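Worksheet: the structure to be examined is printed underneath.
Just so it is clear, the structure is predicted and the values come from calculations on it, not from any experiment.
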Amino acid sequence: DPPCRRHIIPHRMWGVEVALLAAMVGVCGTSRPKMNVLLIVLDDLRPETAAYGHPHIRSPNFDRLAKEGLRFERAYTNYAYCAPSRNSFMVGRMPGTSKVFNFINSFRDETVQDRTGLPGSQWTTLPEYFKNEGYWVVGSGKLFHPSLPPDNDNPRSWSINFTDPGGNAGCTCPQTGVAGAPMYCELPEDTQCPDVVIADTVAAQLHQWKNTKSAQPFFAGLGIHKPHLPWGAPASYFDAYPPATDLPLAQHKLEPVGMPPVAYHHCQWGPFPWPSSRGVPVEDGIAGEARRGYYAALSFADHLVGEVLDALDAIGETNRTITLLTSDHGWQLGEHNEWCKETVFELSLRIPLIIRDPLAVVAPGSTSRVFAENIDIYRTLAELAGLPSPEAGVDGTSLAPLLRDVGAESAMRVSKPAAFGQHARCLRNASDGYKPIDPFTVADSCTMTPRDQLDWMGYSIRTDDWRYTAWVKWDGSTLQPEWTSVNATELYPHTVHPTSGPTDQDFDAWENENVVSNPGFAAVVKQLHASLVAHFSTFALPHSNVSITDA
């Protein structure tokens, strides 16, 4: 409806624009143009940016989104590993439904089904949903995991061929893949490494839409690999930070007191000089260099996101585009002697989540303490875009009311009182005859372990006051947990004292002692365990060894 459209003004006058756009909706009613969507997904990005209360981080573009949108203080992934996470939120099914726990399987599988009985081969992905609704659907980078699903689900999910030149890691270092190669490196300032190409591609697609496709709304996906290892970035991003010796380090450098061995993941990045025994932290000098590398890669990723946001401004569509930024999972930078993801600790599961919505009624720069999860993205974007409800098998809860209704925060704090995550453990080496391994000195091998050979599955619930985790025996024949066989449990307090104690942003304050054996918390453990079983039993659907469509 052109008369509606031409009254939208540039986003630089954001507060005025929201009022005019809201008025436009009242005048134009359902004839208003569909909203565009920009989905930004980063890799290994923990919520350590200036907008999240960490002023030592140089993240002006992440912060720009936060100032103009709604920032979720308690957002979580549902699986802290690349392929399982992306095979979940990109298709709107929990990992227990998709049955993707490794780098072998994808959701495009006839032998898995959602709660409606629909096999994975027929599930509608998030970009495919928008394509089916008449959107021009484009993008580049790491949105799906490389080859999972095959060929980024081309052509089914995309209007034009989707490309990811970066593989798993994006901008690598010159010696990446060589024994002893560094975890970080300074790249040339004019580098054309994959993440640069990806950002340029998406920016060009936005201009292409403006020039040739503007009769349709667009859905654009930007998948930046950084700050995934190796931490390669131009030298200027390293120079933005003080020397490694001056950077703050983790205060609790050893695993939590009372932590069961199954909870620990030995990261074992090749060049990293890991201690040879439990109870010995990585030395401070190395830890500082690692943090500086991660921060440089983070700031480089921020810059690339900014280039695409600038392109959106340049084509005049910022005020008509829903922009959502998230990460596939978090990252641990030495907290509890962890230097990776692949755990169910807070910093492995916790992520940044920011949504900028031109039709939002909440004030720009607002925050929400509702528990948000990556599984919620699909339904949230569908509702914000004003589209029909997705197919019934899509999991998650729409977060749209938090942007469109000023009274939704308190109600959703009640209706969505927790976030959930899970992670597999393989304590036998699949490449060496399934011989037992020591989880403190050898990385577990779930990455290439068939899903019917997993040993344990850790299920975790995060509430206002607690994180509770149960490590449950895995039944490979049904691909379901055996809730009657529990290896270990964990309970960590998380009560926030806004005026007198640590906040959610104090990464060193939490999960330092497992108190599950304290008899004073027996009732809490019983309640949280029951909630855990009830929730995950909804998604742990039976698995068939034959094609559902052929059965």
For a salt bridge (Lys or Arg N to Asp or Glu O under 4.0 Å) check, start with the C-alpha distance between D310 and R64, then their side-chain angles and the critical distance, and finish with the verdict. CA-CA 11 Å; D310 289 346; R64 161 185 168 188; 3.0 Å; yes

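- For the atom pair CZ of F219 and CH2 of W209, the computed distance is 15.0 Å after rounding to the nearest 0.5 Å.
- Relative ring orientation between Y295 and H56 is described as perpendicular, the plane-to-plane angle rising above 60° on a 0-90° scale split at 30° and 60°.
- Between D464 and R369 there is no salt bridge, since no side-chain nitrogen of the basic residue lies less than 4.0 Å from a carboxylate oxygen of the acidic one.
- Atom CG in L39 sits 6.0 Å away from atom CG in L143 (nearest 0.5 Å).
- Here NE2 of H423 is found 12.5 Å from OG1 of T469. Values are rounded to the nearest 0.5 Å.
- Counting heavy atoms from C-beta on, the side chains of I224 and I40 never come closer than 4.5 Å.
- Residues E409 and V370 meet the side-chain proximity criterion, which asks for heavy atoms closer than 4.5 Å.
- The aromatic ring centroids of F103 and Y81 lie less than 6.0 Å from each other.
- A heavy-atom distance below 4.5 Å is found between the side chains of R404 and L384.
- Residue F130 is tested with W136, Y378, Y135 for a ring pair (Phe, Tyr, Trp, His ring centres under 6.0 Å); the sole match is Y135.
- R292 forms no cation-pi arrangement with Y184, by the criterion of a distance under 6.0 Å to the ring centre and an angle within 45° of the ring axis.
- Judged purely by distance below 3.5 Å, without hydrogens or angles, the side chains of T463 and Y468 never pair a donor atom with an acceptor atom.
- Below 30°, between 30° and 60°, or above 60°: for F144 and W158 the angle between ring planes is above 60°, a perpendicular geometry.
- Side-chain atoms of S59 and D63 include a donor-acceptor pair closer than 3.5 Å.
- Under the 30°/60° scheme for interplanar angles, the aromatic rings of W331 and W231 are found to stand perpendicular.
- For R350 and D504, the salt-bridge test fails: no basic side-chain N is under 4.0 Å from an acidic carboxylate O.
- Side-chain atoms of P390 and T124, non-hydrogen and from C-beta on, never get closer than 4.5 Å to each other.
- S85 contributes atom OG, which lies 11.0 Å from atom NE2 of H145 (distance to the nearest 0.5 angstrom).
- Salt bridge present: R291 and E335 bring a charged side-chain N and a carboxylate O closer than 4.0 Å.
- Using a 4.5 Å heavy-atom threshold, the side chains of T323 and L312 count as touching.
- Relative ring orientation between F345 and Y492 is described as perpendicular, the plane-to-plane angle rising above 60° on a 0-90° scale split at 30° and 60°.
- For the residue pair N512 and H336, a side-chain donor N or O sits within less than 3.5 Å of a side-chain acceptor on the partner.
- The minimum heavy-atom distance between R320 and P358, with the atom names listed, is N-CG, 4.0 Å.
- With respect to the salt-bridge test (charged N to carboxylate O, under 4.0 angstrom), the residues K142 and D43 qualify.
- K213 contributes atom NZ, which lies 8.5 Å from atom CD1 of I160 (distance to the nearest 0.5 angstrom).
- For N161 and N154, the side-chain atoms include at least one donor-acceptor pair closer than 3.5 Å.
- The minimum heavy-atom distance linking N374 with N78 is given by the pair N-OD1, 3.9 Å.
- Residue F218 holds its CZ atom at 12.5 Å from OG of S159, rounded to the nearest 0.5 Å.
- The pair E128-K131 does not count as a salt bridge, with every side-chain nitrogen at least 4.0 angstrom from each carboxylate oxygen.
- The nearest pair of heavy atoms linking T172 to L187 is O-CD2, 3.7 Å.
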So D508 and H252, side chain to side chain donor-acceptor pair (under 3.5 Å) or not? Walk me through it. CA-CA 6 Å; D508 291 298; H252 297 275; 5.9 Å; no

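- Taking the centre of each ring, Y237 and F300 come in below the 6.0 Å mark.
- Checked by atom type, the side-chain pair E338/T343 shows no donor-acceptor distance below 3.5 Å.
- Of the residues R46, R86, K341, the one that meets the salt bridge (charged side-chain N to carboxylate O under 4.0 Å, His left out) test with D328 is R86.
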